[in-house]
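A quick write-up on the structure given underneath.
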Amino acid sequence: MSAATHDGRVARVVAAVSRACVRHRFVVIGAWLLVVAALVTGAKVLGTPTNNDVSLPGTDSQLVRDLTVTPPTSGIVIVTASTGRLDDEARSRVLAATAASLRRVVHVTAVQPPSAKEGSLAADGRTGWFTIGMDVRRAELTEQMARAVMDSTRPAADAGLRPLPGAAFAQAIDGSGGYGTEYVGLTLAALVLFFALGGLLGALLPLLTSALSLIATLATVGLAGNATSIPTVATTIATMVGLGVGIDYALFVLSRFRESARADLPVPEAIGRALGDSGTAVAFAGVTVAVALAGLGLTEVPLLQTLAWTSGTAVLFAVASTLTLLPALTSLAGRRIARGGLLYNRLSRALRRRAGSTGDGGYWARQADRVTRRPWLVGGSALVLLALLTAPAADLRLGQLDAGSSPPSTAVRQANDVISEAFGPGTGSPLTVLGRLPTPATDAGDPRVARFVAAVRTLPGVAFVGPVTSSDDGRVVTVQAIASTSGGDTATADLVHRLRGVSVPGVAVHVGGTTAARVDLAERVTSKLPVVIGVVLLLSVAVLLLAFRAPLVALKAAAMDFLSVGAAYGALTAVFTWGWGVTWLGLSGPVPIPSYVPLMLFALLFGLSMDYEVFLLSVVQQRWNMTKDNLRAVREGLTATGGVITAAAMIMIGVFLAFVSNDDPTIKMFGTGMAVAIAVDVTVVRGLLVPATMALLGDLTWWTPRRRRADDPRRAEAA
């Protein structure tokens, strides 16, 4: 009977699928290769566009976006002079020559040199920017296009001016940052797998299955970018999650296969047993992650919904490859995985000789004995430690990232620093203030428009107001308002609310732009937070009830996962708000935590932490079903799974930490928070608190209403 289900029906289905994959292994392997090749080919042909624009239906910022005529893609090239002014006679000729060079670049449709009248030349004349129109969508602007634009600024560079990419060009050159981080994670995973699975062959299979499932995921997500907006952060988070769970799931199954194969079971039967036990746990763990992510759909925030389904796609591909491709590949490898490689066996013998053998079952047997002998002490100490780790979360402050939050080495940060110093901190994050008129404006001197502009210009916190533009029908007028504070400053968010509260007779005022959209995003996420948390909890508990049929087990698992998430929030606060070690991550100082990060982390970590919970409890339940001795079941379950769960956690932590080198501060936050949560989960929660709690609950742990009815003597007598 499966350890993951009460009646074993799911286990039988999973085992049957695995046996079919073993019988038709070459068909399964060929099918996977064909599917992956087809997805990759489609992605190459159609492209994998990304779009970082945030849409928020039903918000003020979205209304402004919908009412404003969308301009063609544009970017800026900043030029600075160490002395003098850019608008003197000699440099004006240089700028004209540079503009002519820029106009010759493929895809460039318009070039506007720096101009004091247009607000693109600083008051001291030493800094300005070219505004450059392009005939491609923002999502299609590539690094090569941006570098071609920068190469054409040679006349300015030869004249001693300093050209810098800005806006869309800087973002394209920076890309997603931190490329190659997945290879660092794979290298760390390979080392752990080598020792956990006994050699190079054992390490190769999880890496191969997870790599194929990840390639399929990224190709699928990339293809979807042709039909919907996929932000860059979505593919990066999907990579993190896909690598972590894909390798972990394969490790769970292969570790069980090695046990069965060493017991002299035939290879097909050993594979079937491994999939029936660990494979069933993998299936339920994957469903739990998917269910937790599905809860984000209730936010009505397209960004979070996209992050949820892209990460969920990575998990589903990982589960599919573990339950189908892995059995097929394992049947080819056979007993060589169980025996271990020559290098591994030599290293293990040397380590055993150096460490000596105590004959007591190893570290996890001793740990299980310690925990279950003193559950009150161990459980209490674990709770105190978790409280200390979570305490900083009480100071968790949410805000908005802007270009000034990026690492100093990035193009967007360098452009932001130059513009902020020359024009003011709010220049890089303009607010679009829109006025709707009941009747068309008569001309540029319409008194309603004049009152609208005056009200915006005189509002405290507004440093500059650009020229008025109007729609073709004259019913919509817009101005660009530059705040006196940066886009990530809370004062700018306050200014957005004050602008929306401006009362102008005959004009309805609305505020949009990137900063305003982030303010609306924060408010939407905050309002939906209780609903999402409640739904994720209910759905996750329902899945665990289906898996274990024990209400206390399901409720306890949910409570334990909350503790791991709390530790992650504490780490985010200590590092990114308080600044503890933030410079080690490549940032110049504390940065705001975007509003959606904690909610996305909650869904991800709640699901990922369940992986270890399900794997541990499935083995404990198996021992309980055989012995009906709860204390013995807990000890044997922790002993049997401690090493595998630790190895799996080390892999996931290594993968997550590898992404901390990414240039995007948001990815650094996800990598840090997820690595800390998994580390706390596998050591304090799974290694101490869970077994201590189960020891304290005793046989009550496995109580089910149905079991009580079945054991009722009166029902038996009536029967």
Side-chain angles (χ1 to χ4, degrees), residues 51-66 228-231 233-234 237-238 241 288-313 315 390 393-394 396-401 488 490 493-494 496-497 500 510-543 558-559 561-562 564-566 568-569 572-573 576-577 592-610 666 669-670 673-674 677:
N51 188 343
N52 292 318
D53 288 340
V54 177
S55 63
L56 285 170
T59 61
D60 201 51
S61 58
Q62 187 65 39
L63 176 65
V64 172
R65 184 176 177 178
D66 294 339
T228 186
S229 296
I230 304 291
V233 69
I237 293 177
V241 174
T288 305
V289 178
V291 163
L293 290 170
L296 294 175
L298 299 174
T299 60
E300 299 179 9
V301 175
L303 172 62
L304 281 174
Q305 292 170 335
T306 300
L307 293 179
W309 75 255
T310 51
S311 298
T313 300
V315 173
T390 306
L396 181 66
R397 294 192 295 268
L398 305 179
Q400 313 300 330
L401 292 171
T490 54
D494 294 337
V496 170
H497 291 296
R500 287 172 175 169
H510 306 277
V511 182
T514 302
T515 300
R518 289 170 178 162
V519 171
D520 291 337
L521 172 63
E523 294 177 351
R524 175 72 61 82
V525 168
T526 302
S527 66
K528 298 292 184 179
L529 186 62
V531 176
V532 173
I533 290 178
V535 169
V536 169
L537 276 174
L538 289 175
L539 291 177
S540 300
V541 168
V543 172
D561 285 346
F562 251 120
S564 299
V565 174
Y569 288 174
L572 283 183
T573 304
F576 296 98
T577 300
I593 299 173
S595 56
Y596 69 88
V597 169
L599 186 55
M600 183 68 191
L601 268 179
F602 171 80
L604 276 174
L605 291 174
F606 203 83
L608 293 177
S609 296
M610 283 292 184
T666 304
M669 293 176 190
F670 277 107
M674 292 166 74

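The chain is numbered in sequence order, starting from 1. It should be emphasised that the depicted structure is a prediction, and the values quoted were computed from it without experimental measurement.
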>> Using side-chain heavy atoms (C-beta onward) and a distance below 4.5 Å, is L307 in contact with L296?
In response: no
> Under 4.5 Å between any side-chain heavy atoms of L572 and L601, yes or no?
Replying inline: yes
>> Going by the rule side-chain contact (heavy atoms from CB on, under 4.5 Å), which residues pair with T526 if we only count those two or more places apart in sequence or in a different chain?
In response: none
> Under a 4.5 Å cut-off applied to non-hydrogen side-chain atoms, are M669 and I593 in contact?
Replying inline: yes
>> Please enumerate all residues that pass side-chain contact (heavy atoms from CB on, under 4.5 Å) together with V541, with sequence neighbours excluded.
In response: L545, A554, L555, A558
> Are the side chain of Y569 and the backbone N or O of P598 linked by a donor-acceptor pair below 3.5 Å?
Replying inline: yes
> Got a sec, which pairs hit salt bridge (Lys or Arg N to Asp or Glu O under 4.0 Å) with one end in residues 512-529, sequence neighbours left out?
Replying inline: E300-K528, R500-D520
> Q62 side chain to L56 main-chain N or O, any donor-acceptor pair under 3.5 Å?
Replying inline: yes
>> Assess the residue pair T573 and R397 against the criterion (side-chain contact (heavy atoms from CB on, under 4.5 Å)); give the C-alpha distance rounded to whole Å, side-chain angles, the decisive distance to 0.1 Å, and a yes or no.
In response: CA-CA 8 Å; T573 304; R397 294 192 295 268; over 6 Å; no
>> I want to check something: taking the side chain as every heavy atom from C-beta on, are I237 and L604 in contact at a cut-off of under 4.5 Å?
In response: yes
>> Using the side-chain contact (heavy atoms from CB on, under 4.5 Å) criterion, which residues pair with T288? Sequence neighbours excluded.
In response: S540, V543, M610
> Looking only at heavy atoms, which two atoms of A292 and A603 are closest? And how far apart?
Replying inline: CB-O, 3.4 Å
> Closest approach of A568 and G673, non-hydrogen atoms and distance?
Replying inline: CB-O, 3.4 Å
> Is there a side-chain contact between V519 and H497, using heavy atoms and a 4.5 Å cut-off?
Replying inline: yes
> With T306, which of S229, S311, P231 fulfils side chain to side chain contact (heavy atoms under 4.5 Å, CB included)?
Replying inline: P231
>> To check you understand the geometry: which heavy-atom pair defines the closest contact between A393 and G566, and what is its length?
In response: CB-O, 4.4 Å
> By side-chain hydrogen bond (donor to acceptor under 3.5 Å, both in side chains), which residues pair with Q305, not counting sequence neighbours?
Replying inline: none
>> Testing the basics here: between S595 and V525, what is the closest heavy-atom pair and its distance to 0.1 Å?
In response: O-CG1, 3.7 Å
> Where do P592 and L401 come nearest, in terms of heavy atoms and distance?
Replying inline: O-CD2, 3.2 Å
> Considering all heavy atoms of both residues, which atom of T310 and which atom of A234 are nearest to each other, and what is their separation?
Replying inline: OG1-CB, 3.8 Å
>> So does V511 get a backbone contact from the side chain of D60, meaning a donor-acceptor N/O pair under 3.5 Å?
In response: yes
>> A side-chain contact here means heavy atoms from C-beta on lying under 4.5 Å apart; do V241 and V315 qualify?
In response: yes
>> Show every salt bridge (Lys or Arg N to Asp or Glu O under 4.0 Å) that has at least one partner inside residues 592-608, sequence neighbours left out.
In response: none
> Between F606 and F562, what is the ring plane arrangement, given parallel below 30°, perpendicular above 60°, and tilted in between?
Replying inline: perpendicular
>> Quick check: do V536 and F602 have side-chain heavy atoms less than 4.5 Å from each other?
In response: yes
> Given side chains that start at C-beta, do those of V597 and T666 come closer than 4.5 Å, heavy atoms only?
Replying inline: yes
